[in-house]
Amino acid sequence: METLLNRYRNITVLLLVIFAQLVLIAVQVRNDRDVRMVRIWSVTAITPLAKVLETVRGGTSGFFRNYILMHDAREDNRRLQAELDRLKMENQFLKGEISTADRAKALVAFQQRTQSRTIAARVIAAGAGANSKVVFLDRGSAAGVERGMPVVTPDGIVGKVIAAYPTASEVMLITDPEFAAGVVSQKNHVVGTLKGQGQSACKVEYVPSEEKVEVGETFYTSGDDRIFPKGFPVGVVRVVRPSSPYQEVLVEPSGLERGLEAVLIVLEGVHQAIPEVPPANAPMYLGTPPPQAPEEQATQPAGPAGTDADKLVQKYRQIGAAENHKFGEGGPGTKPPDFNIKVPPPGSDTETRGHGDAENPPNGQSPAKPAKPQGASNQAGAAKTGASASPRPRVPASQQPPQDQ
Amino acid sequence: MTEYGDRYLVGNQREQVSRFRARVMLFVPLAAILFQVYVPRFDFLGFLAYLEMPLLVTIYFALMRRSQIGGLFIGAFIGLAQDSLSIKQPLGMFGIVDTLVGYFAASVGLRIDVEHSVIRFLLTFFFYFFHQFLYWVLARGLLGRQVAFEIQLTLVLGLLNAVVGVTLFHFLDKLREPA
């Protein structure tokens, strides 16, 4: 160090003297804004260094902060991933719950609409065998279930009770090879016998080759087997193979399409008419109507319910009728009807439909009980009238109360 | 550089280091500064204001003493004194310029023979130009003054100061202590 200073002593002294005089100048001189040069020089000399230092400090602290944040982000990511998985499972569970609720809702609607006396039950177990086509329901003899009672869903028949225990019952599905039921086609009323095959499809036997059965046609229960009441949907024809003396007809059971969770056990069956119109492929279940204001509920008659859109359409029709206006007629510019006039609430003047009781059932319902299902209760309870089941426009035709035939 | 050339330009450094009495080192710069500030007051001597006597004295002492530190301190002293006597001139402007002139003049005096009149003339001319140019740079850079630098005038005045300087140096040589 000393050698270095000795070597550069002259230049060092020169720089010191120059620097001292620079400071001297800086202290004396002010710029045009009356700021001393020493201040300007100091700021000019210091601020770039401060800027560099701040940049380095900010970058360093930012790096460490980002590192810490990334570290936390990794933990957050792991936690959020776990939460996402949990929510996915919860979502699946809730979807299942919604599906179950929809089915239960449809089941209730069907239960209210059908004339047969039914009891809802849940599938609680399946048969132990690999090819077992047997399920267990949570309703047994204690609830009035007896051997031989049919089991149905709004979509179609499911099977029949083969054993009734106090708290549960065993049901043979229609896909079981030993299952058999009398069926009739919807279009040409071709009668046959539905038999399970141990597969997803069932077979309709004893259909003469000269009878006309179409693919896509729906088979209904014929009531001939004295188990299933007439008029319950069975399934849709998927395959028709001509053969002699009987055709080979394969039917896809409609009651098993959506899986089995909740079913109805028909305690006392009532024959129903076979609808003219085949059921829609995808039945639409109506939810509960939207909540209404108390005063609105008071003004609403206990007539046919419907959606708000249905009520609005009905109201507009009434307005059009009151003003002799026909919707769809008249060109642009014609005077529209006055939608502000007072009209009776929708449904107040409509005919009450779909109501009846066991003795005086609505349209086409067979007032007399059909052949009582084997093993059914002997109690002559009135068939479910469906008094609270008002007509629902979007319910599939197969689930509508049958019309007169 | 040949051995002869080295001897011609550098010579025997020990023999060529000039020594001056302290009163000479003090009186001569003061006289030069006094000349710089006092003589131009007379109208008939106004042309003498173009003579940079403090600068010439600085160059002389720096060249003859052949000490960089001594040269820069001589320059700093004379420059600061010149600044202190100048109106509206911040202290340090001439100080910095004369410090650098003294340092570089001493550096040159270490390497070449400064006894020769031609060398003295050239060095005086060069350092005058360097002095003026450096002052212009500092005035613009440090003080932000928009001053002009007239090269032709500076060159002419440099020649004038060089002539005066060679003559002055001849008289100052008489004040050296005998070896």
Side-chain angles (χ1 to χ4, degrees), chain A residues 1-70, chain B residues 13 17 54 58 62-63 65-111 127 130-131 134-147:
Chain A
M1 187 66 182
E2 188 177 356
T3 305
L4 195 67
L5 287 178
N6 287 333
R7 175 180 294 181
Y8 297 105
R9 183 184 58 185
N10 294 343
I11 192 71
T12 303
V13 173
L14 173 66
L15 292 177
L16 287 175
V17 172
I18 296 294
F19 179 76
Q21 295 182 86
L22 284 173
V23 172
L24 190 61
I25 293 175
V27 170
Q28 305 166 78
V29 180
R30 297 170 184 264
N31 68 350
D32 51 354
R33 296 178 182 174
D34 202 26
V35 180
R36 290 185 184 277
M37 298 299 289
V38 65
R39 186 181 298 275
I40 296 175
W41 292 354
S42 299
V43 171
T44 307
I46 293 300
T47 49
L49 293 176
K51 191 175 181 181
V52 171
L53 286 175
E54 175 60 21
T55 303
V56 173
R57 187 203 64 80
T60 306
S61 62
F63 171 77
F64 284 107
R65 191 182 306 117
N66 289 337
Y67 175 79
I68 294 171
L69 286 177
M70 285 300 295
Chain B
Q13 184 172 339
V17 171
T58 301
L63 286 175
R65 286 188 57 84
R66 294 181 175 85
S67 169
Q68 293 173 325
I69 292 179
L72 72 91
F73 273 114
I74 290 172
F77 171 74
I78 294 176
L80 288 174
Q82 191 176 355
D83 286 329
S84 63
L85 297 174
S86 302
I87 301 173
K88 296 182 180 179
Q89 177 77 7
L91 289 175
M93 288 294 290
F94 279 119
I96 293 174
V97 174
D98 287 352
T99 300
L100 290 172
V101 168
Y103 180 83
F104 290 123
S107 301
V108 172
L110 284 173
R111 297 182 180 278
F127 280 115
F130 175 75
H131 174 275
L134 191 60
Y135 183 85
W136 176 76
V137 170
L138 291 179
R140 288 180 67 91
L142 296 182
L143 305 181
R145 293 178 180 173
Q146 299 298 321
V147 292

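Numbered from 1 within each chain, the chains take letters A, B, ... in sequence-line order.
Side chains of A:V13 and B:F73 form a contact here, defined as non-hydrogen atoms less than 4.5 Å apart. Here the side chains of A:I25 and B:I96 are in contact, with some heavy-atom distance below 4.5 Å.
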Practice item. Tell me, with the steps shown, if B:L80 and A:L24 meet side-chain contact (heavy atoms from CB on, under 4.5 Å). Key: CA-CA 10 Å; B:L80 288 174; A:L24 190 61; 3.9 Å; yes
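Most heavy-atom pairs under 4.5 Å with chain A, from the set B:T99, B:L143, B:L91, B:L142: that is B:L91.
The contact between A:Q21 and chain B is made by backbone and side chain atoms together, counting heavy-atom distances below 4.5 Å. Contacts between B:L138 and chain A at a heavy-atom distance below 4.5 Å are absent for every atom of the residue.
Scanning all heavy atoms of the two residues, the minimum distance from B:Y103 to A:N10 falls at CE1-O, 3.8 Å.
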